[in-house]
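Down below is the structure, laid out as C-alpha cells.
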Amino acid sequence: MSRRWNIFAITSAHFFLSQFYRTSNSVIAPQLIQELTLDTKALGFMSASFFYAFACTQIPLSLLLDRIGARIMMTALSLVGILGALIFSWADSLSLGLTGRILLGIGMACNLMGTLKLISDWFTPRTFATLSGVVFSIGALGNIIATTPLVLLVEQVGWRHSFQLIAALNL
C-alpha cells in the first residue's frame, strides 16, 4: 500500500477516535455519577467541556495547520488527547474528570480538519469528495462503537480500563 493510503488510514482512524470520545460520556454516565459523586448538572458540564475545548481550539488550529502542517499538529494534539483520556480514566473528582475531558477536546480537535488537509495535499481534487465521505463514514462508526460495543467493554473491564485501552489504541 502506498504511503498516501497509509496516511489516509491513520488519519481516518484518528477521526474515528474523535467521534468515539465525543459520544462516550453518555454511555458511562451512570458510572461517572456514582464514582465521581456527580449530579446531572456537573455531569453535563464535564461532558460539554470536551465540546467547549474543541470549539475554542478551531481558530488557532486552522492557522497552525497551514503554518506548521497537519502531520505535526495531528501528532502533537493526539498526544494531548491520549493524556486527556488517561487523566479522565484516573479521575476521582469533577475537577480531574473536567481536566481529562478538556484535554480530550483539545487533542481531538485536529482530527477532522487535519485529515481533510492531508487528503487535499496527498490526493487529487477529483477524489477529495469521495475520500471526505469515506472519512465521515469512518467517523460515524466511531459514534456507533461508543454505544453498545463500549457498554459491553465497560461491563467486562470497567470504564476506566476501557478508556486506558482506547488511549493505548490511540497511541
Side-chain angles (χ1 to χ4, degrees), residues 1-32 43-44 46-55 57-58 61-62 65 70-71 73-89 97 100-124 126-171:
M1 183 157 38
S2 73
R3 184 172 179 193
R4 69 183 182 151
W5 287 107
N6 286 332
I7 290 169
F8 177 78
I10 291 167
T11 58
S12 296
H14 279 276
F15 185 56
F16 170 94
L17 290 169
S18 176
Q19 295 299 98
F20 171 87
Y21 283 126
R22 164 186 307 243
T23 310
S24 62
N25 257 26
S26 61
V27 171
I28 60 171
Q31 292 90 339
L32 294 174
L43 176 66
M46 186 173 63
S47 297
S49 67
F50 176 98
F51 299 101
Y52 295 142
F54 189 99
T57 308
Q58 292 305 303
L61 175 67
S62 64
L65 273 173
R71 183 177 58 97
M73 289 301 301
M74 289 182 77
T75 301
L77 289 179
S78 288
L79 293 173
V80 171
I82 291 165
L83 178 63
L86 292 174
I87 289 172
F88 182 68
S89 77
R101 290 296 290 179
I102 288 169
L103 290 173
L104 268 169
I106 293 168
M108 297 297 115
C110 188
N111 288 339
L112 175 59
M113 289 299 112
T115 299
L116 296 178
K117 172 81 169 125
L118 286 169
I119 290 172
S120 71
D121 289 345
W122 286 75
F123 293 90
T124 65
R126 185 174 166 183
T127 60
F128 184 84
T130 301
L131 294 177
S132 298
V134 171
V135 168
F136 280 102
S137 297
I138 291 169
L141 287 174
N143 288 323
I144 293 167
I145 297 298
T147 59
T148 303
L150 178 59
V151 169
L152 296 173
L153 182 61
V154 168
E155 287 175 355
Q156 294 299 309
V157 300
W159 72 271
R160 295 175 188 278
H161 285 96
S162 296
F163 271 77
Q164 292 164 3
L165 286 169
I166 302 301
L169 176 67
N170 197 172
L171 183 62

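In what follows, every heavy atom counts, from backbone to side chain, and hydrogens, waters and symmetry copies are set aside. Numbering starts at 1 and runs along the sequence shown.
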Quiz prompt | Minimum heavy-atom distance A167-A85, with the two atoms named | solution = CB-CB, 3.9 Å
Going by atom type alone, with no hydrogens or angles, which donor-acceptor pairs under 3.5 Å involve a side-chain atom of residues 157-166 and a protein atom two or more places apart or on another chain?
| unit_1 | atom_1 | unit_2 | atom_2 | d |
| --- | --- | --- | --- | --- |
| W159 | NE1 | E35 | OE1 | 3.1 |
| W159 | NE1 | E35 | OE2 | 3.3 |
| R160 | NE | E35 | OE1 | 3.0 |
| R160 | NH1 | S89 | O | 2.8 |
| R160 | NH1 | A91 | O | 2.6 |
| R160 | NH2 | E35 | OE1 | 3.1 |
| R160 | NH2 | A91 | O | 2.9 |
| H161 | ND1 | V157 | O | 3.4 |
| S162 | OG | G158 | O | 2.7 |
| Q164 | NE2 | S89 | OG | 3.1 |

Extract all donor-acceptor atom pairs below 3.5 Å that involve side chains of residues 128-141 and protein atoms in other chains or at least two apart in sequence.
| unit_1 | atom_1 | unit_2 | atom_2 | d |
| --- | --- | --- | --- | --- |
| S132 | OG | F128 | O | 2.8 |
| S137 | OG | G133 | O | 3.0 |

Quiz prompt | Quiz item: cation-pi between R101 and F88, 6.0 Å / 45° | solution = yes
Quiz prompt | Rounded distance (nearest 0.5 Å) linking atom CE of M73 with atom OG1 of T57 | solution = 9.0 Å
Self-check item: Residue pair L65 / C110: nearest heavy atoms and the distance that separates them
Solution: CD2-SG, 3.8 Å
Hey, can you pull the donor-acceptor pairs under 3.5 Å for the side chains in residues 8-18, sequence neighbours left out?
| unit_1 | atom_1 | unit_2 | atom_2 | d |
| --- | --- | --- | --- | --- |
| T11 | OG1 | I7 | O | 2.9 |
| T11 | OG1 | F8 | O | 3.2 |
| S12 | OG | F8 | O | 2.8 |
| H14 | ND1 | S78 | OG | 3.2 |

Quiz item: How far apart are the closest heavy atoms of A70 and G114, and which atoms are they?
Solution: CB-O, 3.6 Å
Quiz item: How far apart are the C-alpha atoms of Q19 and N111, what are their side-chain angles, what is the distance that settles it, and do they pass the side-chain contact (heavy atoms from CB on, under 4.5 Å) test?
Solution: CA-CA 9 Å; Q19 295 299 98; N111 288 339; over 6 Å; no
Self-check item: Euclidean distance, R71 CZ relative to L118 CG, rounded to 0.5 Å
Solution: 9.5 Å
Quiz item: About how many Å separate OG of S26 and CG of L32, when rounded to the nearest 0.5 Å?
Solution: 10.0 Å
Self-check item: Candidate list I82, V80, L86, L79, test side-chain contact (heavy atoms from CB on, under 4.5 Å), partner L103, passing option
Solution: V80
Self-check item: Value rounded to 0.5 Å, distance of CG in N143 from CZ in F20
Solution: 10.5 Å
Self-check item: Between CD1 on residue I145 and OG1 on residue T147, distance to nearest 0.5 Å
Solution: 7.0 Å
Self-check item: Criterion side-chain contact (heavy atoms from CB on, under 4.5 Å) on N170 and M108, from CA distance to verdict
Solution: CA-CA 11 Å; N170 197 172; M108 297 297 115; 3.5 Å; yes
Quiz prompt | Heavy-atom side-chain contact between L77 and I106 under 4.5 Å | solution = yes
Self-check item: For N25 against S47, the heavy-atom pair lying closest together
Solution: ND2-OG, 2.9 Å
